[in-house]
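Here is the structure we will look at, set down as structure tokens.
Here is how names work: the chains are called A, B, and so on, in the same order as the sequence lines, proteins then strands, and each is numbered from 1. Since the model is a prediction, treat every value here as computed from it, not as a measurement.
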2 protein chains.
Amino acid sequence: MNNIKKDNTEEKILDAAQTVFIRKGMDGARMQEIANEAGINKALLHYYFRSKQKLFEAIFKQVFKQIFPDIKAFIHAEIPIEKKLGIFVEKYIDLLMKNPYLPSFILQEIHRDPEFLASVIKGQGIDLHELFTMLGKEMEAGNIRKMDPRELMINILGLSIFPFAAKPLMQLIFFDNDKKAYKEFLKQRKETVKDFILNSILLKA
Amino acid sequence: MNNIKKDNTEEKILDAAQTVFIRKGMDGARMQEIANEAGINKALLHYYFRSKQKLFEAIFKQVFKQIFPDIKAFIHAEIPIEKKLGIFVEKYIDLLMKNPYLPSFILQEIHRDPEFLASVIKGQGIDLHELFTMLGKEMEAGNIRKMDPRELMINILGLSIFPFAAKPLMQLIFFDNDKKAYKEFLKQRKETVKDFILNSILLKA
DNA sequence: GTCTATAGATTGATAGAC
DNA sequence: GTCTATCAATCTATAGAC
């Protein structure tokens, strides 16, 4: 009963709005284009969602949840730290390969309306305390190099996200605009990013 | 004679346009706002630059040059590779600290109009061949771990750029929205990013 | 609930005086 | 070169019929 794709109007609008907003951003998106994408009329958008702003906020919240993968599940898993980090990187890059336009959309909107971003984050109750203490323990135990855990997290995110956020530019200057080659490169990064990080932080016995 | 700030109208327009376009992007920027910022009238914008599009293109080209620092100067310098990479990272992060909104602006626009991006890059004649062969030689000589030089470059760029591109989000979730603390964090990254990279790629003798 | 038609507001661009 | 006034196009939002 769960996998049956709803094809009621509200669902169609949400799907269409997500597509258009991610591609064009809040400023660039047009209600007409969203209506076309949904195969309905412009007025219906305002019937279901009061305004462009409200529709956008619904989409942003929905999309934003996706960039916080389910990390709690494996923070306390009984596996070595290098496995944990490896799984995180793989899951994250997998997510980005399925939604390659997500990073640039988020990066754009967090600058456009930081106050709204703050309200969304508050509403999500994101808690990174557990993550940091877990990393701290691994450093104390001498398993990984001692460093600011926030630095480590931002490095992991940067290495994973940047090639997607900057795709058109990187593809152009480093891969001669060869789409296939760049896609292959991104796929391989599930391994190379993992190696790059572990080579840097793992303390060789 | 060189440091005298031109205060003719064209210069004022270019300065104002850069400020507004970087803050709002092409779609979000308004000609009225640029005119206000420049302290002149809207009609004058169209007198100097024919259209919003032409004005934007002038700004983009101008801004884009800044993200390609003068690397040729030190590619062939007679210093060890770890020094070279260190200098590159430091220079790049310095540049970003002076222009913190540059990354998000570029990332936004390369997605919005990739064809224009391609024309700009062609016009700049960017050549990375020398850089790659230099890195290749260092790998052959056993000074750094063997890897795809494009991968190494993208990792360096990602580690340097991402914390600026994602500033509002990172500052919020990792630093409790403490502006000062995040700025200090970014400053320290001139060292920590360098360490993170060298720890990963340097082959210990 | 869904549509057509249109109002109301914003904005890029131009005309014309000085 | 610079300004005021205004046009023309675009876009969000609403009114009203079905």
With rounding to the nearest 0.5 angstrom, report the NZ to CZ distance, B/Lys194 to B/Arg189. 13.5 Å
For the student: nearest non-hydrogen atoms of B/Leu95 and B/Ile67, plus distance: CD2-CA, 4.3 Å
By nearest-nucleotide position on DNA chain D, the 5'-leaning member of B/Thr9 and B/Lys42 is B/Thr9
Rounded to the nearest 0.5 Å, what separates atom CD in A/Glu109 from atom CG in A/Asp27? 7.0 Å
Roughly, in whole Å, what's the span from CG in A/Asp27 to C1' in D/dC11? 13 Å
Got a second to check how far A/Ile144's CD1 is from A/Ile201's CD1, nearest 0.5 Å? 4.5 Å
Taking DNA chain C as the partner, which of residues 31-38 of chain A come within under 4.0 angstrom of it by heavy atom? none
Check whether any side-chain nitrogen or oxygen of B/Arg30 sits under 4.0 Å from OP1 or OP2 of C/dT10, and answer yes or no. no
Between atom CD1 in B/Ile13 and atom C1' in D/dT2, what is the gap in whole Å? 11 Å
Nucleic acid contacts - residues 46-58 of chain A versus DNA chain C, non-hydrogen atoms under 4.0 Å: A/Tyr47, A/Tyr48
What is the separation between atom CG on B/Leu45 and atom P on C/dG12, rounded to the nearest whole Å? 10 Å
Separation of D/dT12 atom P from A/Asn41 atom CG, nearest Å, is 13 Å
Parallel, tilted or perpendicular, as decided by the 30° and 60° cut-offs, for the rings of B/Phe175 and B/Tyr182: perpendicular
Under 4.0 Å between a Lys/Arg side-chain N and an Asp/Glu carboxylate O for B/Glu140 and B/Lys137? no
Pair B/Phe64 + B/Phe60: ring centers closer than 6.0 Å: yes
I need the CG-P distance between B/Leu44 and C/dA15, as an integer number of Å. 16 Å
Kindly say whether B/Leu55 contributes a backbone atom to a donor-acceptor pair with the side chain of B/Tyr48 at under 3.5 angstrom? no
